[in-house]
2 protein chains.
Amino acid sequence: MDHFYVLPEEDKKQLAALFTESFIRKKNLLIREGDLVDKLYFLESGHLRGFQNRDGEEITVSFIFAPAFFTDLIALRQKTPALVSFQVMEDSRLFAAPFDAIDKFMLSKPTNSLYYLRFLESLNAFYIKRTFSLICDSPEERYLKLLQERPKVIEKLPLRYIAHYLGIKPETLSRIRRRLKESS
Amino acid sequence: MDHFYVLPEEDKKQLAALFTESFIRKKNLLIREGDLVDKLYFLESGHLRGFQNRDGEEITVSFIFAPAFFTDLIALRQKTPALVSFQVMEDSRLFAAPFDAIDKFMLSKPTNSLYYLRFLESLNAFYIKRTFSLICDSPEERYLKLLQERPKVIEKLPLRYIAHYLGIKPETLSRIRRRLKESS
DNA sequence: TAGTTTTCTTGACTTTAATCAAGGTGCAAA
DNA sequence: TTTGCACCTTGATTAAAGTCAAGAAAACTA
């Protein structure tokens, strides 16, 4: 929890007390599309994929690698049904806290919201860059950038998830990989 | 400034005092790609486009419509050169505040950061939805969604900017428009 | 381990968008 | 008002990604 901003020891304890531990088995859903969301999660081990159901097909739109906080922020704040399902890709340990309690914690002291603020800022940076890449770069360029910036994604995840994440079809990614192998 | 969270009158005055007014003429750049950024801006009238230079061509990647806060958040926080140039599309009135001062303001009272926090959350929601649309929707679907969600964009902006924003070429958008006209 | 299922690869073909180039339109400046 | 320029539209062509289908490889299960 020290990635963004280090809270004083005392406040950190107070925050940690809001979370309860749980375990979840491979392939289970943590958030289901359409659910209401009221918790913030911290994934300690394993990784997740987020997907949307489009005409019966599951389109993977995001990945979460431990250790990381996550939730469906849109559903949570706007109190609307979740847009995305989150599926655990291996047996995982995680912590959950009611967001109401987090909000209270943040309001109790100015520095308490700094961590969340930094988290939002970096999430923003990530999605802005991803948007720009989808607009400006070719599928092959997007794949190469992903390879550079998040090599874990490529090592651990099935090709079809990566393809959807990049906005292309699995067959196309398979061909991109072959092209890259041949030309090297 | 009341879109997200209404500050008490006193705090609002304190915040407003951090901003200085300025005017900028049509077509001028407010932030230039490569600049260092240390201010938060509030656009009171007019609208902006953000663009990147790719192989000599200006690719429009974002629009800002008054009234709205904006800055290059990535450049600002990571103290890296701006990724995007911001150009005013008509003579505009705006306000600027050093971000250092904003940070101090936020740290002086827990509720002072709430507005910024809501701003970040809604910016996030916006870019997440845009990313998903770029992944899942066809160019025509993306155009129709934009038409629905931000009709101002379509009314006021040149076709080629809208096309780049949607990740397609101007010729393609021109053809999409014709198709839609014919089929209605 | 053997067998089953899922995922990946590959080829042939179709669809879609990009590119290139020409002509038209409309706005802006003189 | 006229002229010039920037922008948009359109058609012909090319390039790229999508689709469909079959077979190979890998992963899971009994």
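None of these values were measured; they are calculated from a predicted model. Lettering of chains follows the sequences in order, A, B, ..., and the numbering in each one begins at 1.
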What is the distance from [atom1] of [X] to [atom2] of [N], rounded to the nearest Å?
{"X": "A/His164", "N": "D/dG18", "atom1": "NE2", "atom2": "P", "value": "10 Å"}
{"X": "A/Arg160", "N": "D/dA17", "atom1": "CZ", "atom2": "P", "value": "22 Å"}
{"X": "B/Lys27", "N": "C/dC27", "atom1": "NZ", "atom2": "P", "value": "14 Å"}
{"X": "A/Leu157", "N": "D/dA26", "atom1": "CG", "atom2": "P", "value": "18 Å"}
{"X": "B/Leu159", "N": "C/dT25", "atom1": "CG", "atom2": "P", "value": "17 Å"}
{"X": "A/Leu180", "N": "C/dT9", "atom1": "CG", "atom2": "C1'", "value": "15 Å"}
{"X": "A/Ile162", "N": "C/dT9", "atom1": "CD1", "atom2": "P", "value": "10 Å"}
{"X": "A/Tyr161", "N": "D/dA27", "atom1": "OH", "atom2": "P", "value": "14 Å"}

Query raised in the report: If we fit an axis to the first five pairs and another to the last five of the helix from C/dT1-D/dA30 to C/dA30-D/dT1, what angle do they make, to the nearest 10°?
Result: 60°
Query - Side-chain donor/acceptor of A/Asp137 to backbone N/O of A/Leu134, under 3.5 Å - result: no
For [X] and [Y], I'd like to know if the aromatic rings sit close, meaning centre-to-centre distance below 6.0 Å.
{"X": "B/Phe99", "Y": "B/Tyr116", "value": "yes"}
{"X": "B/Phe95", "Y": "B/Tyr41", "value": "no"}
{"X": "B/Phe70", "Y": "B/Phe86", "value": "yes"}

Report task. List, by chain and then residue number, the residues other than B/Phe51 in its hydrophobic cluster (Ile/Leu/Val/Met/Phe/Trp/Tyr, side-chain heavy atoms under 4.5 Å); write none if there are no others. Result -> B/Leu29
Dump every N/O contact between nucleotides 23-25 of chain D and the protein below 3.5 Å, one line per pair.
none

Query raised in the report: Does a salt bridge link A/Asp91 with A/Arg25, judged by any charged N lying under 4.0 Å from a carboxylate O?
Result: yes
Query raised in the report: Is B/Arg118 salt-bridged to B/Glu121, cutoff N-O under 4.0 Å?
Result: yes
Query raised in the report: If you look only at pairs with a residue in residues 60-76 of chain B, which of them pass as a side chain to side chain donor-acceptor pair (under 3.5 Å), with sequence neighbours excluded?
Result: B/Arg49-B/Thr60
Report task. Name all residues meeting the salt bridge (Lys or Arg N to Asp or Glu O under 4.0 Å) criterion together with B/Glu44; count only those two or more places apart in sequence or in a different chain, and write none if there are none. Result -> B/Arg93
**Report entry** A/Ser113-B/Ser113 side chain donor-acceptor pair, cut-off 3.5 Å
**Finding:** yes
Requested in this report: Decide whether A/Ser45 and A/Ser92 meet the rule of one side-chain donor and one side-chain acceptor closer than 3.5 Å.
Outcome: no
N/O to N/O distances under 3.5 Å, protein versus nucleotides 11-18 of chain C:
{"unit_1": "C/dG11", "atom_1": "OP2", "unit_2": "A/Arg178", "atom_2": "NH1", "d": "3.4"}
{"unit_1": "C/dG11", "atom_1": "N7", "unit_2": "A/Arg175", "atom_2": "NH2", "d": "2.7"}
{"unit_1": "C/dG11", "atom_1": "O6", "unit_2": "A/Arg175", "atom_2": "NH2", "d": "2.9"}
{"unit_1": "C/dA12", "atom_1": "N6", "unit_2": "A/Arg175", "atom_2": "NH2", "d": "3.3"}
{"unit_1": "C/dA18", "atom_1": "OP2", "unit_2": "B/Lys169", "atom_2": "N", "d": "3.4"}
{"unit_1": "C/dA18", "atom_1": "OP2", "unit_2": "B/Thr172", "atom_2": "OG1", "d": "2.4"}

